[in-house]
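Here's the structure, in structure tokens; my notes come after.
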Amino acid sequence: MQTKTYNTTPYDDQKPGTSGLRKKVKVFQQPGYLENFVQSIFNSLEDFQGKTLVLGGDGRYFNRQAIQIIIKMAAANGFGELIIGQGGLLSTPAASNIIRKYQAFGGIVLSASHNPGGPDEDFGIKYNVSNGGPAPEKFTDALYLNTKTISSYQIAEIDDVDLDCVGELNINHLKIRIIDSVADYAELMAKIFDFDLIKQSIAAGLINLRFDAMHAITGPYAKQILEGVLGAETGSVFNAVPLEDFGGGHPDPNMAHAHELTKIMFADNAPTFGAASDGDGDRNMIMGANIFVTPSDSLAIMAANARSIPAYAKGISGVARSMPTSQAVDRVAAALNLPCYETPTGWKFFGNLLDANKITLCGEESFGSGSNHVREKDGLWAVLFWLNLIARKRQSVADIVHEHWQKYGRDIYCRHDYEAVDLDIANGIVDHLRRQLSRLPGKSWGDYTVKYADEFSYTDPVDNSVSANQGIRVGFSNGSRIVFRLSGTGTVGATLRIYIEKYEKDITQLDQDSGQALAELVEIAELLCEVKKRTGRTEPDVVT
Ligand code: G1P
Ligand code: ZN
């Protein structure tokens with residue numbers, strides 16, 4: 001096959017964020033922009049000649065064009081085999097599974113996760129390593145350096161590949177396999193959960209479910225598994241056809257964006273179980289009739305009940321949560337005498353802990369949870385975990401949650417996001433917070449006395465790498481907490497996230513309205529960071 005080398009000049013904005021490189025589609029469509037980044041990925045890898053690369057994306061606008069370009073670049077750079085999801089589609093957890101199952105060298109996943117899609121919206125690309133997980137920081141740092149010095153990229157002069165036909169194609173030394181996007185993932189889920197039991201519970205009417213795929217990647221996965229294999233009524237999975245612009249929606253599974261599901265679940269005669277997933281299928285929202293389960297509580301409940309699930313019946317080795325995630329899972333870990341790790345935001349920090357078997361379950365407040373079955377968070381896996389749990393316990397979602405709070409107390413929780421904040425203002429807020437840290441301990445507002453205030457730094461217990469400046473924590477002596485950090489996934493200006501958590505162990509107070517319960521802490525947060533004062537805004541853009 002003929003390959004051609006193109007000269008190029010660096011773009012200066014290709015620094016990977018929390019989860020790969022995310023930019024507006026128009027940015028990715030600039031001449032050589034995608035090519036520079038992909039070539040820089042390959043330039044940061046060693047010894048991949050003749051090896052296997054997995055390729056797939058969430059189907060958003062520009063997915064197909066990007067896949068054709070990457071195929072030609074991977075061919076020119078000497079990969080021996082490409083495994084591609086049919087139609088160029090693979091959910092993020094499915095891609096992680098394929099990398100592991102077929103012992104690939106790595107994978108490129110095209111996704112901007114929960115960000116909107118379409119010609120004027122977002123696109124993204126990330127590299128996953130051979131354990132199936134996002135590349136660690138030392139790789140993304142090296143990759144960024146390469147994007148700053150790149151001078152050429154290589155393209156094989158071959159025809160576009162038909163992505164829609166499952167099958168194999170050989171072009172000289174390169175084998176291209178187009179695989180069914182769902183089959184391997186469905187097989188993995190059947191090994192983890194008790195599908196027969198879930199099926200019986202659905203048939204008996206104990207579980208009556210609705211799943212909102214938000215016109216994103218999990219549509220085909222959920223249709224096949226929930227309706228096809230487990231027998232949920234046809235139509236239980238809705239918004240099931242993946243669209244390039246997600247139907248104009250924002251494919252983020254929270255009550256603000258999954259409003260159709262939220263309406264169904266808070267209606268009279270609501271179904272017993274509701275769930276949604278995001279653009280690339282790694283996030284989840286869990287609901288029951290008239291109840292929303294916070295992701296932090298969901299993780300804690302999973303950890304407390306892991307033994308009810310066949311794959312975890314022998315017990316779990318430990319748990320981890322990202323720093324801003326509520327401390328609910330810590331309480332379970334303490335009670336069960338399990339190791340519990342607090343990591344920076346982003347799934348990449350769980351990889352080493354999972355590989356070293358220090359943890360089995362992990363999660364983030366941002367609607368992500370997962371286990372050692374892959375190295376990404378996994379939306380549908382969390383849904384199946386809950387279905388299996390409900391089927392085993394024969395209890396409603398609300399009863400499971402209330403029983404948990406009675407035993408461990410409740411971490412009342414919410415997150416406020418201020419989006420597209422001017423970069424200088426956002427950095428000013430963080431500097432202002434930083435300057436106060438040493439003076440905060442001992443300071444009181446009402447019932448809240450600051451116990452500690454610091455900037456989170458993480459030392460990975462496996463490879464001792466240090467990740468500093470990972471967000472500001474203000475902890476109170478009554479167990480409550482406020483955390484501030486700037487998002488690493490936004491594409492416009494800066495997004496300030498404020499995470500607010502109040503611990504309530506008085507069993508007569510467990511059912512409080514979270515807005516009311518957290519009002520005082522929200523005021524304290526404003527006194528500390530002055531986001532309203534400095535931006536002139538009156539409220540956050542999104543509350544989850
Ligand atoms: C956000 C979430 C984080 C998650 C990431 C990728 O990152 O907060 O937990 O891992 O998306 O889904 P952030 O924008 O906060 O950097
Ligand atoms: Zn996602």
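When a ligand or atom number is given, it counts from 1 through the structure's own listing order. No experiment lies behind these values; they were computed from the predicted model shown.
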Salt-bridge contact D411-R481 (side-chain N to carboxylate O under 4.0 Å):
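Answer for the salt bridge query: no.
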N-O pairing of D122 and K24 below 4.0 Å
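Yes, D122 and K24 are salt-bridged.
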Closest to atom 1 (C) of ligand 1 among R22, K377, R283, E365 (heavy-atom distance)
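Considering heavy atoms of R22, K377, R283, E365, the nearest to atom 1 (C) of ligand 1 sits in R283.
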Tell me every residue that passes salt bridge (Lys or Arg N to Asp or Glu O under 4.0 Å) with R434, counting only those two or more places apart in sequence or in another chain.
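By the salt bridge (Lys or Arg N to Asp or Glu O under 4.0 Å) rule, R434 matches D431, E455.
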Pairing residues for R321 by the salt bridge (Lys or Arg N to Asp or Glu O under 4.0 Å) criterion, not counting sequence neighbours
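For R321 the salt bridge (Lys or Arg N to Asp or Glu O under 4.0 Å) partners, ignoring immediate neighbours, are D330, E342.
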Look only at interatomic distance and state if [X] has a nitrogen or oxygen under 3.5 Å from any nitrogen or oxygen of ligand 1.
X: R497; answer: yes
X: L486; answer: no
X: R485; answer: yes

In terms of side-chain heavy atoms, does [X] have a donor or acceptor partner in [Y] at a distance below 3.5 Å?
X: D278; Y: S113; answer: yes
X: N239; Y: E260; answer: yes
X: D297; Y: Y408; answer: no
X: T345; Y: S322; answer: no

Give the C-alpha distance, both sets of side-chain angles, the deciding distance and a yes or no for side-chain contact (heavy atoms from CB on, under 4.5 Å) between D280 and S91.
CA-CA 5 Å; D280 62 330; S91 78; 5.9 Å; no
Classify the contact between S366 and ligand 1 as side chain, backbone, both or neither, using a heavy-atom distance cut-off of under 4.0 Å.
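Side chain only.
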Summary of salt bridge (charged side-chain N to carboxylate O under 4.0 Å, His left out) pairs that have at least one residue in residues 57-67, sequence neighbours excluded:
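Output for this query lists D58-R60, R64-D164.
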If you have a sec, work out which protein heavy atom is nearest atom 7 (O) of ligand 1 and how many Å separate them, to one decimal?
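The answer is T489 CG2, 3.5 Å.
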How far is atom 4 (C) of ligand 1 from the closest protein heavy atom, and which atom is that?
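I find the closest protein heavy atom is E364 OE2, 3.5 Å.
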When you measure from the heavy atoms of R415 to every atom of ligand 1, does any distance fall below 4.0 Å?
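Yes, that is the case, since the closest heavy atom of the residue is under 4.0 Å from the ligand.
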So is G368 in contact with ligand 1, going by heavy-atom distances below 4.0 Å?
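Contact absent.
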Report, in ascending order of atom number, the atoms of ligand 1 lying under 4.0 Å from any heavy atom of [X].
X: G488; value: 13 (P), 14 (O), 16 (O)
X: T345; value: 3 (C), 8 (O), 9 (O)
X: G346; value: 10 (O)

Anything under 30° is parallel, anything over 60° is perpendicular, the rest tilted; go ahead and classify Y413 against Y499.
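Geometry flag for Y499 against Y413: tilted rings.
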Distance filter under 2.8 Å, centred on the Zn ion (ligand 2) - protein N, O or S atoms that pass it
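Metal shell, protein only: S113 OG, D278 OD2, D280 OD1, D282 OD1.
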Cation-pi check, K23 onto F28 ring (under 6.0 Å, within 45° of axis)
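Here K23 fails the 6.0 Å and 45° test against F28.
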